[in-house]
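Please read the structure below before turning to the comments.
So that the names make sense, note that chain A is the first sequence line, chain B the second, and so on, each numbered from 1.
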2 protein chains.
Amino acid sequence: MHYTVNKLAKLSGVSVRTLHFYDEIGLLKPAYYGDNNYRYYEEEQLLMLQQILFYRELGFPLNEIQRIVNGNDFDKVEALNSHKLILKNDLDRTQALLKTIDKTILLLRGKTKMRNEELFYGFDSEKQKGYEKYLVDSGKVSQEVIDQSRKNVKHWKKEDWDKFKSDGDELHKEFVTAIEQKLSASSPEVQKLVERHYQAIKIFWTPTKESYVGLGQLYQTPEFRVFYDSRHPDLLVFMIEAMMIFAARELS
Amino acid sequence: MHYTVNKLAKLSGVSVRTLHFYDEIGLLKPAYYGDNNYRYYEEEQLLMLQQILFYRELGFPLNEIQRIVNGNDFDKVEALNSHKLILKNDLDRTQALLKTIDKTILLLRGKTKMRNEELFYGFDSEKQKGYEKYLVDSGKVSQEVIDQSRKNVKHWKKEDWDKFKSDGDELHKEFVTAIEQKLSASSPEVQKLVERHYQAIKIFWTPTKESYVGLGQLYQTPEFRVFYDSRHPDLLVFMIEAMMIFAARELS
DNA sequence: ATTGACTCTAACGTTACGTAATACCTTAAG
DNA sequence: CTTAAGGTATTACGTAACGTTAGAGTCAAT
């Protein structure tokens, strides 16, 4: 029994081009070529293709597949085990990205409905509950993200919110002072300010390198720009530059 | 304050080449070019790059990023929401792949320690426990996979195993008969046999299109080949071809 | 003026094929 | 036997997002 490219392609679900390509790179050669230069495959090649597609499905690159299918069982188990680590990393990363998206949506949508201070420094508890309910019901963000950030401030009293708010104001003023003193964003003084900003953010959620710098993305939206620009025209850019430097240095 | 490519690159963590490239595709143009044709960036571009990197980190392709950053907040929320679906699919897929790998390792390693019949039709319960413990302790497979497959046969008595075994023998014999009658792998008769095989496998775990066809990958290992080839030299290839056809037709 | 660090453009390499374009071959029908 | 449909071949460009030379001009400091 022999298969032409089309037969084998339809049987296995790959395209004719793919078989041509696999022949070209030596991954799967036909059993023989006819006088017409046609490719003819036999059962042996069907079995080989079967294995190739299995590993391809798992996300192995073709050059590794070539090594694997020519190796013994031990090699295969080794490859599968190390591939597991890669996939687990993918998994973690994707989960982190989903959380970041949830947080960003929360903030992007939130700022159109709340005053900046509420968004930035905390929430009016009545409005907040209705708002969170809407977000969860509509599937915009996972309950987990809200729970996490709320858990951290659950016990806060009005004084805590006021302190947090005045601390923030104070921090921004010191940034402005630094700008006026023409300090560099990378200077130790400014970096200490960033450190304080980072710690303040941490109360709500622990930022990673990317998500911390990603905060700058939020600060650029119109409503926030108004807030920052009113303090000093260069405040936003200065803070973002300083945050970038901080992230590059401090956060792995 | 202006930044040269190098300055901006070091600040933001991207390469100079990337800035060149973003200029080339129009994603991020410098504020102006010097007489020397050098690229000079200003704060505005720093902010823009900041946004670009945020969305890049989330896995958006550059052409979409271009649309997004030039759009309004509503567009951004839309994009983030639809991107969530993609990421969730990735998540599910990756989790499925990890399970497939676990199962494959379980089988690839198992077959060197167990007789074919035990692996294929069930396990000697004493040897099995020690073996599973080893697998879990060494981190080779997740407890979940073992639990799942074991849960399904937990209540089985010796008669059940014997029946499963004799059913399998019977099935193989009918495949051999089909070969001798020169039936096609795609014929209704043979496809009914595959259906029975599929249902039998399902007792342990529900296969997807890929994982079912992936079974063929296992059957090709030496120990299994002996088993199949002893029944009929063409049995293995015939079954795999029939399984492929079945998967393409029946499993979305 | 020299040197080292930086910048530019141009162009090929990467992965795993998809998509023509052009030409030859095979098979079944008329 | 011719013809038309459909299968097959080779060649080669396109894709995404840059990395990596390579050659040549530029800037800053000694």
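- Side-chain atoms of A:Thr18 do not come within 3.5 Å of backbone N or O of A:Val14 as any donor-acceptor pair.
- Counting non-hydrogen atoms under 4.0 angstrom, B:Val5 reaches the backbone sugars and phosphates but no base.
- At C:dT7, one or more side-chain N or O atoms of B:Asn6 fall inside 4.0 Å of OP1 or OP2 (strictly under the cut-off).
- With hydrogens and angles left out, the side-chain atoms of A:Glu195 and A:Gln191 include no donor and acceptor closer than 3.5 Å.
- Residues from residues 20-35 of chain A with heavy atoms under 4.0 angstrom of DNA chain D, sorted by number: A:His20.
- Looking at B:Ile52 and B:Met48, their side chains come closer than 4.5 Å, going by heavy atoms from C-beta outward.
- Listed pair B:Arg39 / C:dT7 fails the phosphate criterion, with no side-chain N or O lying under 4.0 Å from OP1 or OP2.
- In this structure B:Asp23 satisfies the side chain to side chain donor-acceptor pair (under 3.5 Å) test together with B:Lys29, B:Tyr33, B:Arg39, sequence neighbours excluded.
- Of all non-hydrogen atoms in B:Gln45 and B:Leu28, the two that sit nearest each other are O-CD1, 3.9 Å.
- Residue A:Glu64 contributes atom CD, which lies 15 Å from atom C1' of C:dA16 at whole-angstrom precision.
- Using a cutoff of 4.0 Å between basic side-chain nitrogens and carboxylate oxygens, B:Glu57 and A:Arg93 are scored as salt-bridged.
- When rounded to the nearest whole Å, the span between OH of B:Tyr38 and P of C:dA5 equals 15 Å.
- Relative ring orientation between B:Phe246 and B:Tyr198 is described as tilted, the plane-to-plane angle lying within the 30° to 60° band.
- A straight line from CG of B:Asn37 to C1' of C:dC6 spans 15 Å, rounded to a whole angstrom.
- B:Arg17 has its CZ atom 10 Å from the C1' atom of C:dT9, to the nearest Å.
- With a cutoff of under 4.0 Å to any heavy atom of chain B, the contacted region of DNA chain D is bounded 5' to 3' by D:dA17 to D:dC27.
- In this structure, B:His2 has its ring center at least 6.0 angstrom away from the ring center of B:Tyr41.
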Please table the atom pairs, donor to acceptor, closer than 3.5 Å between any side-chain atom in residues 232-245 of chain A and protein atoms at least two apart or in another chain.
{"from": "A:His232", "atom 1": "ND1", "to": "A:Asp234", "atom 2": "N", "distance (Å)": "2.9"}
{"from": "A:Glu241", "atom 1": "OE1", "to": "B:Tyr3", "atom 2": "OH", "distance (Å)": "2.7"}

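- Remark: C1' of C:dA16 and CG of A:Leu19 are 13 Å apart, rounded to the nearest angstrom.
- Along DNA chain D, the nucleotide nearest A:Thr4 and the nucleotide nearest B:Asn63 are compared for position; the residue whose nucleotide lies closer to the 5' end is A:Thr4.
- Qualifying salt bridge (charged side-chain N to carboxylate O under 4.0 Å, His left out) partners for B:Arg17, counting only residues two or more places apart in sequence or in other chains: none.
- Between its two ends, the helix from C:dA1-D:dT30 to C:dG30-D:dC1 turns its axis by 30°, counting five pairs per end and rounding to 10 degrees.
- A:Gln95 and B:Lys88 share no donor-acceptor pair across their side chains, judged by distance under 3.5 Å alone.
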